[in-house]
*Asks:* 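Please see the structure below; I have some questions.
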Amino acid sequence: MGKTNITVYDIASEAGVSVATVSRVLTGSDKVAEETRSRVQAIIDKNDFQPNALARSLYKKQSKMIGFILPDITNPFYSSIFIEAEKHALEQGYTLVLCNSMDDLNNERTYLQTLRERQVDGIIYMGRKIDQVQGTSKFLKELHKLSEKLPIVMINCGNKAKSCFKVRSNEEDGFREIINYLAKKGHKDVALIGGITGVEPTDIKRKIFLELAEKYNFNLRKEYIVSGEYSIESGAKIMSKMLSYKNIPTAIMGINDIVAIGALKVCQMNNVKVPDDIAVTGFDDIPIAHYIFPSLTTSAHDYKNLGQRAVDIIIDINSDLKPDSIYQYSMNFVERESC
């Protein structure tokens, strides 16, 4: 043909068939005579033709792409789940489209619209903003409207998004297990640090902490429950202030591993021995939790099943699956050197 950018129209013209017939050959349809299929396939092979993904999706009503929205790709909790989902999707012949919202609700709105325009087969969503107690009603309505057109799977978030599928860890039991462990170790001065007030999962953890603190007769002091961000910097800042208290806690619970690592760093800088002087726990079991010193006692998500299940829901979507279906996985308590 002498052209570098071959199209289905060129192939159809040379083969003397319609574009629809070329599309059927490309998609493996059995509605093509064998002689015709061979003729078209020979032209495809001769020109090393690779069909445009969008053109293929228009015929099959399937793009083989799944959108994945998360708030911070640098946070190992989110990236660990994304990697497991991506590996599984690739094994199934699907591609994940990563959208890093930078924890901005407006960015998430933009990505939702972009993913819809790209005709993805579904969207996996992770984020904190959707779990804010205030200010998300409009966004939830937008999600509901979009979920009528394609499946949306929430991982460890979106309890109020009733029209979306849910894949989650049993964080409540995972968090209780850490508190039970500290109580058995004899700790009474236990602090909970980090996490934004008004974000539902964080609020639930604080509620559990207060309930069990009363059960175990912890010395509950107002300064032992400190909100903040979910970052190393936040953990370090809070821990620095804690070390100035007259009654320094004997155990620090980070709202996540990253906050706990910030607290560990400050302890090391101030010659506070962990766990001899202060025990430190995290939550999530991100990869680095095993390798820092002292290694971090924490509660581990089932990253593999969380990621794979989210992908499978979109790939295997059928009438048996109902919106707001919940798939829950247990967390695993991991005792390490920090306690």
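It should be emphasised that the depicted structure is a prediction, and the values quoted were computed from it without experimental measurement.
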*Asks:* Under 4.5 Å between any side-chain heavy atoms of P201 and N156, yes or no?
*Replies:* no
*Asks:* Please tell me if the side chains of D103 and D72 come closer than 4.5 Å, counting only heavy atoms from C-beta onward.
*Replies:* no
*Asks:* Has E214 got more than 12 heavy atoms of other residues, nucleotides or ligands less than 6.0 Å from its CD?
*Replies:*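 Open: at most 12 neighbouring heavy atoms sit under 6.0 Å from CD of E214.
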*Asks:* Would you say the side chain of H187 lies within less than 4.5 Å of the side chain of Y216, judging by non-hydrogen atoms?
*Replies:* no
*Asks:* Which pair of heavy atoms, one from S338 and one from P275, lies closest together, and at what distance?
*Replies:*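 For S338 and P275, the tightest heavy-atom pair comes out as O-CB, 3.3 Å.
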*Asks:* Between the side chains of E35 and R39, is the shortest nitrogen-to-carboxylate-oxygen separation below 4.0 Å, so that they form an ion pair?
*Replies:* yes
*Asks:* Test L210 against I225 for side-chain contact (heavy atoms from CB on, under 4.5 Å), laying out the working first.
*Replies:* CA-CA 9 Å; L210 291 171; I225 304 176; 3.4 Å; yes
*Asks:* Give a yes or no answer on whether the side chain of Q92 reaches the backbone of D312 with a donor-acceptor pair at less than 3.5 Å.
*Replies:* no
*Asks:* Any idea which heavy atoms bring G282 and T298 closest together, and the distance?
*Replies:* C-OG1, 3.3 Å
*Asks:* Other residues, nucleotides and ligands only: do more than 12 of their heavy atoms fall within 6.0 Å of NZ on K304?
*Replies:*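 No - once you tally the heavy atoms of other residues, nucleotides and ligands closer than 6.0 Å, there are 12 at most.
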*Asks:* Atom OH in Y181, atom SG in C339: separation rounded to 0.5 Å?
*Replies:*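 Atom-to-atom, Y181:OH and C339:SG are 4.5 Å apart.
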*Asks:* Would you kindly say whether N100 and Y111 are connected by a side-chain donor-acceptor distance under 3.5 Å?
*Replies:*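 Note: N100 and Y111 side chains miss the donor-acceptor criterion.
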*Asks:* So K46 and E14, do their side chains get closer than 4.5 Å, heavy atoms only?
*Replies:* yes
*Asks:* Quick one: which residue pairs count as a salt bridge (Lys or Arg N to Asp or Glu O under 4.0 Å) with a foot in residues 244-270, not counting sequence neighbours?
*Replies:* none
*Asks:* Can you check whether Y329's main-chain N or O pairs, donor with acceptor, with N170's side chain at less than 3.5 Å?
*Replies:* no
*Asks:* How many angstroms lie between CD1 in I178 and OG1 in T297, if you round to the nearest 0.5 Å?
*Replies:*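 One finds 8.5 Å between CD1 of I178 and OG1 of T297.
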*Asks:* Grab the two heavy atoms, one from Q268 and one from P294, that are nearest each other, plus how far apart they are.
*Replies:*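 Where Q268 meets P294 most closely, the heavy atoms are NE2-CD, 3.7 Å.
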*Asks:* Could you give the distance from CG (N75) to CD1 (I258), rounded to the nearest 0.5 Å?
*Replies:*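 That separation rounds to 3.5 Å.
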*Asks:* When you compare the side chain of K237 with that of E233, does any pair of heavy atoms fall below 4.5 Å?
*Replies:* no
*Asks:* Between Y78 and G127 (side chain of the first, backbone of the second, donor and acceptor by atom type, cut-off under 3.5 Å), is there such a pair?
*Replies:*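 No, the answer is negative, given that no donor and acceptor are paired below the 3.5 Å cut-off.
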*Asks:* Can you run down the salt bridge (Lys or Arg N to Asp or Glu O under 4.0 Å) pairs that involve residues 274-297, sequence neighbours left out, and say none if there aren't any?
*Replies:*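 Applying salt bridge (Lys or Arg N to Asp or Glu O under 4.0 Å) to every pair that reaches into residues 274-297, excluding sequence neighbours, yields D285-R336.
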*Asks:* Side chains of L70 and I81: does their closest heavy-atom pair fall under 4.5 Å?
*Replies:* no
*Asks:* Does the plane of the ring in F68 sit parallel, tilted or perpendicular to the ring in F82? Use 30° and 60° as the thresholds.
*Replies:* perpendicular
*Asks:* Would a distance-only check, ignoring hydrogens and angles, find a side-chain to backbone donor-acceptor pair under 3.5 Å from S234 to G194?
*Replies:* no
*Asks:* Where do I130 and A161 come nearest, in terms of heavy atoms and distance?
*Replies:*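 Nearest heavy atoms, I130 then A161: CD1-CB, 4.4 Å.
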*Asks:* Just by distance, with hydrogens left out, do Y230 and R128 show a side-chain donor and acceptor under 3.5 Å apart?
*Replies:* no
*Asks:* Give the intermediate values and the outcome of side-chain contact (heavy atoms from CB on, under 4.5 Å) for residues F175 and M253.
*Replies:* CA-CA 10 Å; F175 198 69; M253 294 182 63; 3.5 Å; yes
*Asks:* Is the distance from the ring center of F77 to that of H301 below 6.0 Å?
*Replies:* yes
*Asks:* Enter the distance from K207:NZ to T202:OG1 here, rounded to the nearest 0.5 Å.
*Replies:* 15.0 Å
*Asks:* Using side chain to side chain contact (heavy atoms under 4.5 Å, CB included) as the criterion, list what pairs up with T197, not counting sequence neighbours.
*Replies:* D203, R206, S227
*Asks:* Can you confirm whether more than 12 heavy atoms, excluding those of I288, are under 6.0 Å from its CD1 atom?
*Replies:*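 Incorrect, the count does not exceed 12.
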*Asks:* When you check the gap from the basic side-chain N to the acidic O, do K145 and E142 get nearer than 4.0 Å?
*Replies:* no
*Asks:* Hey, what do you get for NZ (K138) to CZ (R109), rounding to the nearest 0.5 Å?
*Replies:* 5.5 Å
*Asks:* Could you grab the distance from atom NZ of K160 to atom NE2 of H144, nearest 0.5 Å is fine?
*Replies:* 16.0 Å
*Asks:* Using modelled atom types only, decide if a donor and an acceptor are shared between the side chain of D121 and the backbone of I66 within a distance under 3.5 Å.
*Replies:*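 Checking the backbone N and O of I66 against the side chain of D121, no donor-acceptor pair under 3.5 Å is found.
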*Asks:* Taking D302 for the side chain and S330 for the main chain, is one N or O donor matched with an acceptor at less than 3.5 Å?
*Replies:* no
*Asks:* For R116, does the CZ atom have more than 12 heavy-atom neighbours from other residues, nucleotides or ligands under 6.0 Å away?
*Replies:*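 Not buried by this count: 12 neighbours or fewer within 6.0 Å.
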*Asks:* So which heavy atom on I278 is nearest to which on M239, and how close?
*Replies:*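 Smallest heavy-atom distance, with atoms named: CD1-CE, 3.9 Å.
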*Asks:* Can you name the closest pair of heavy atoms from V259 and N256 and give their distance?
*Replies:* N-OD1, 2.8 Å
*Asks:* Please check this pair: side chain of E337 against backbone of S295, looking for a donor-acceptor N/O pair closer than 3.5 Å.
*Replies:* yes
*Asks:* Donor-acceptor check, side chain of K129 to backbone of N106, threshold 3.5 angstrom: yes or no?
*Replies:*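 Answer holds: no.
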*Asks:* Does S147 reach the main-chain N or O of C164 with its side chain, forming a donor-acceptor pair under 3.5 Å?
*Replies:* no
